[in-house]
Protein chains: 2
Amino acid sequence: MAVTIHDLARMAGTSTATISRVLSGKRGVGAAKREAIMRLAQEVGYTPNRIAQNLALNKSHVIGLVAAALDNPAYVDFFRRIHRAVHDKGYRVLIADSELDAEKERQNIATMREHRAEGLIVFPVHDWRAAGKAEHFLHLRVQKFPVVIVGRLDDHGLDAVTSEQDECAATLTRHLIELGHRDIAFVGSDPSNRCIAERQAGVERALSAAGLTLRTENIVPDQPGWVEQLETLLRRPDRPTAVVYINDVCALMAHPMLLRLGLRLPADLSQVAFDDSIWSRYLTPPLTTTAERIEEVTARTLEVLFARMEDPDGPAVRHRVAQEVIFRNSTAAPHR
Amino acid sequence: MAVTIHDLARMAGTSTATISRVLSGKRGVGAAKREAIMRLAQEVGYTPNRIAQNLALNKSHVIGLVAAALDNPAYVDFFRRIHRAVHDKGYRVLIADSELDAEKERQNIATMREHRAEGLIVFPVHDWRAAGKAEHFLHLRVQKFPVVIVGRLDDHGLDAVTSEQDECAATLTRHLIELGHRDIAFVGSDPSNRCIAERQAGVERALSAAGLTLRTENIVPDQPGWVEQLETLLRRPDRPTAVVYINDVCALMAHPMLLRLGLRLPADLSQVAFDDSIWSRYLTPPLTTTAERIEEVTARTLEVLFARMEDPDGPAVRHRVAQEVIFRNSTAAPHR
DNA sequence: GTGAAAGCGCTAACAC
DNA sequence: GTGTTAGCGCTTTCAC
């Protein structure tokens, strides 16, 4: 087995207390002894056992990160930032993937608690209006466990940080209206998903403020064949002059079809979307879209989490971070 | 503080040993007692303290994942798969980001060891021919610590799993040669990086087998202005008829410039690259590129890791996983 | 079947 | 300054 603090004590002809003191940089040890112990530890390749240390201190030095789906590239930057900040405060991060399964999510949270994570950052799996059973979140709240819910509106009364979806959608839409568009289609309708619902609501709000109504053709990108549906729509003589996609990926997927149709972009069709995926700026034309302010979401998240870890009582806070609208060249005035 | 096994023992009027036995599903406890204890634990919301358990068992149930750069989207799928498999075996994953800094990498590995991770998966930061100081890897080897190095050729004699870069590069190149290309440019030269060097070597091998030589114009995509350099090259009358990019991102970044030049693709210029980024198939025309077989890399990695955890001795194994070449429509015969 | 007690490796009073 | 000792919460022999 690995060398322990006892071994060191024996070798150095001293006590475990002294060893502990020098290793954790506490004062009250003679310089000579301290020096000798440091060197000894170095020589024998002593590696402190954090498990034992954590048990003794009743701390874990661990922050748990529970992701709804680990394979979502949108998380990546967030992870990195969280990781860095947390690390700088002396914490490690234990990661768990809920694989879009609420039961796994429950399990993951339980596991985190067993490992005595000192704080939790959760991207919940669900965000439905018809909120299912989410007792695990209620438990967390009742027990005042430090946790912040990220990216979902259903915060169950816990601390939460989300990006606003509504205002940026409205901005995007107003932009189209100002260019002269009157016939705007929306691709991607799943109103049971709150995030999508908010985006759609923002679009409709801007439209109705201008006395217009949304053209929802029930093209839902989760279903196969939706690109063909969109193609059919765009072939009609009364086709829309602009389309709002629920996210960049949809715009990307539709792009080859648009070219096949011989549409000149953006002259013949204006397009806007959400999420600012990496490739969006390289599309031809570059796509006008919205971007989450990840650095701010991260900052708020950590701020809230650490504050809560200090003070488990106190009312839940809820942050909504504004999204940025990035205007590129995928829109133009309609020529009709 | 949370309720402990002692509290349960007291409440149930029994001993900690018995509680421990039923909670860890061991036999040798009366059915009635067992039942009662289970219910009690449930009622009071007992959460086992894994820290204490791990200390007693001298296990950590933790696998460490040390990433060179956590914000690389290419990792994402790998992470997910690793996570899932590891979880299924009853392990948690502790994650660390080296932020492309060798010193942080050293630190991360040290931390993992302090936390008594039972196995390590490392994406090393460096992979240079002029290998710098990598003592931390040597230590791991000397101490027979279970670790597998992923994605880098510099494996320091440790277990390793990498994707082959050479053969797929040759395949890509042969494909261009067979189409009739004789003048092929290579974008992205940094021979000190082993992965890039291998790709370039593969290209050159295929070329020289056909009696051709590579056109390296020293366009290195890390430097600003490289797209303009490429543009200059493509404006020359003796411009190449095909280009091999070191990765998809380069192809993507160059794309708008190609359109501006009025090149018809792929008729006027054939293009191939590496990495099969998500958007590559949606480019117009869809990009011919190579893809790592992530599922196989993952499988090999876990196989090797768990084998090593069982048997710390035994010679290091080294797997090279073949890459897949995905032919799409970004190439054509040159019309000259 | 069940309980007492000795650790696991480390920390932190409390003595000296 | 330095050592002694009693835990931290759990597991596991070893008796009974």
Side-chain angles (χ1 to χ4, degrees), chain A residues 1-38 40-41 44-62 90 92 110-118, chain B residues 1-38 40-41 44-62 90 92 110-118:
Chain A
M1 209 65 60
V3 26
T4 76
I5 212 175
H6 279 99
D7 301 331
L8 290 184
R10 198 166 25 73
M11 291 166 149
T14 176
S15 75
T16 62
T18 300
I19 304 286
S20 174
R21 280 194 268 263
V22 350
L23 290 178
S24 42
K26 292 223 168 53
R27 316 171 313 155
V29 179
K33 212 158 204 144
R34 149 165 272 124
E35 179 72 5
I37 291 174
M38 291 296 267
L40 179 64
V44 300
Y46 169 74
T47 307
N49 184 330
R50 297 294 173 204
I51 298 186
Q53 189 184 46
N54 288 336
L55 180 59
L57 291 176
N58 192 28
K59 295 252 302 168
S60 66
H61 295 290
V62 159
R92 318 283 152 249
T111 302
M112 290 297 180
R113 305 202 53 180
E114 294 179 358
H115 281 263
R116 295 299 187 265
E118 294 173 37
Chain B
M1 210 65 59
V3 26
T4 76
I5 213 175
H6 279 99
D7 302 332
L8 290 183
R10 199 165 23 73
M11 291 165 150
T14 177
S15 75
T16 62
T18 300
I19 304 286
S20 173
R21 281 193 265 262
V22 351
L23 290 179
S24 43
K26 292 222 167 51
R27 318 169 312 155
V29 180
K33 213 159 205 148
R34 151 165 271 124
E35 179 72 5
I37 291 174
M38 291 296 266
L40 178 64
V44 300
Y46 169 74
T47 307
N49 185 329
R50 298 295 173 204
I51 299 186
Q53 188 183 48
N54 288 336
L55 180 60
L57 291 175
N58 191 29
K59 295 251 303 168
S60 67
H61 296 289
V62 159
R92 318 284 152 247
T111 303
M112 291 297 181
R113 305 202 53 180
E114 294 179 359
H115 282 263
R116 296 298 186 267
E118 293 173 38

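All chains are named by letter (A, B, ...) in the order of the sequence lines, taking the proteins before the strands, and each is independently numbered beginning at 1.
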Practice prompt. State which residues pass side-chain hydrogen bond (donor to acceptor under 3.5 Å, both in side chains) with Arg113(B); sequence neighbours excluded, sorted by chain then number.
Written response: Gln143(B)
Worksheet item: Is any side-chain nitrogen or oxygen of Thr14(B) closer than 4.0 Å to OP1 or OP2 of dT2(C)?
Response: no
Worksheet item: Looking at Ala52(B) and Leu55(A), what are the two nearest heavy atoms and their distance?
Response: CB-CD1, 3.7 Å
Discussion item. How close do Thr16(A) and Ala9(A) get, counting heavy atoms only, and between which atoms?
Written reply: N-CB, 3.8 Å
Worksheet item: At how many degrees, to 10°, do the end axes of the helix from dG1(C)-dC16(D) to dC16(C)-dG1(D) meet when each uses five pairs?
Response: 40°
Worksheet item: Looking at Lys33(A), does any N or O in its side chain come under 4.0 Å of the phosphate oxygens OP1/OP2 on dG1(D)?
Response: no
Donor-acceptor list for residues 17-24 of chain B side chains, cut-off 3.5 Å, not counting sequence neighbours:
{"residue": "Thr18(B)", "atom": "OG1", "partner": "Ser15(B)", "partner atom": "OG", "Å": "3.4"}
{"residue": "Ser24(B)", "atom": "OG", "partner": "Ser20(B)", "partner atom": "O", "Å": "2.6"}

Worksheet item: In whole angstrom, what separates Asn54(B)'s CG from dT11(D)'s P?
Response: 10 Å
Discussion item. Considering every strand and a 4.0 Å limit on heavy-atom distances, what is the contact class for Gly30(B): base, sugar-phosphate, or nothing?
Written reply: sugar-phosphate
Worksheet item: Along nucleotides 10-16 of chain C, 5' to 3', which nucleotides get a B, which get an S, and which get a -, given that the test is a protein heavy-atom distance under 4.0 Å?
Response: BSB----
Practice prompt. Please report, rounded to the nearest Å, how far the P atom of dC8(D) is from the CG atom of Leu55(B).
Written response: 13 Å
Practice prompt. Would you kindly give the NE2-to-P distance between His61(B) and dC10(D), to the nearest whole Å?
Written response: 14 Å
Fill in: For atom CZ of Arg10(B) and atom P of dA4(C), their distance in whole Å
14 Å
Worksheet item: Would you say Val44(B) and Leu8(B) make side-chain contact, with heavy atoms under 4.5 Å?
Response: yes
Fill in: Any side-chain heavy-atom pair of Val62(B) and Met112(B) under 4.5 Å
no
Run the side-chain donor-acceptor check on residues 26-34 of chain B: report pairs under 3.5 Å with partners two or more places apart or on a different chain.
{"residue": "Arg34(B)", "atom": "NH2", "partner": "Lys26(B)", "partner atom": "O", "Å": "2.7"}

Worksheet item: Which pairs, with at least one residue in residues 49-59 of chain B and sequence neighbours excluded, count as a salt bridge (charged side-chain N to carboxylate O under 4.0 Å, His left out)?
Response: Glu114(A)-Arg50(B), Lys59(B)-Glu118(B)
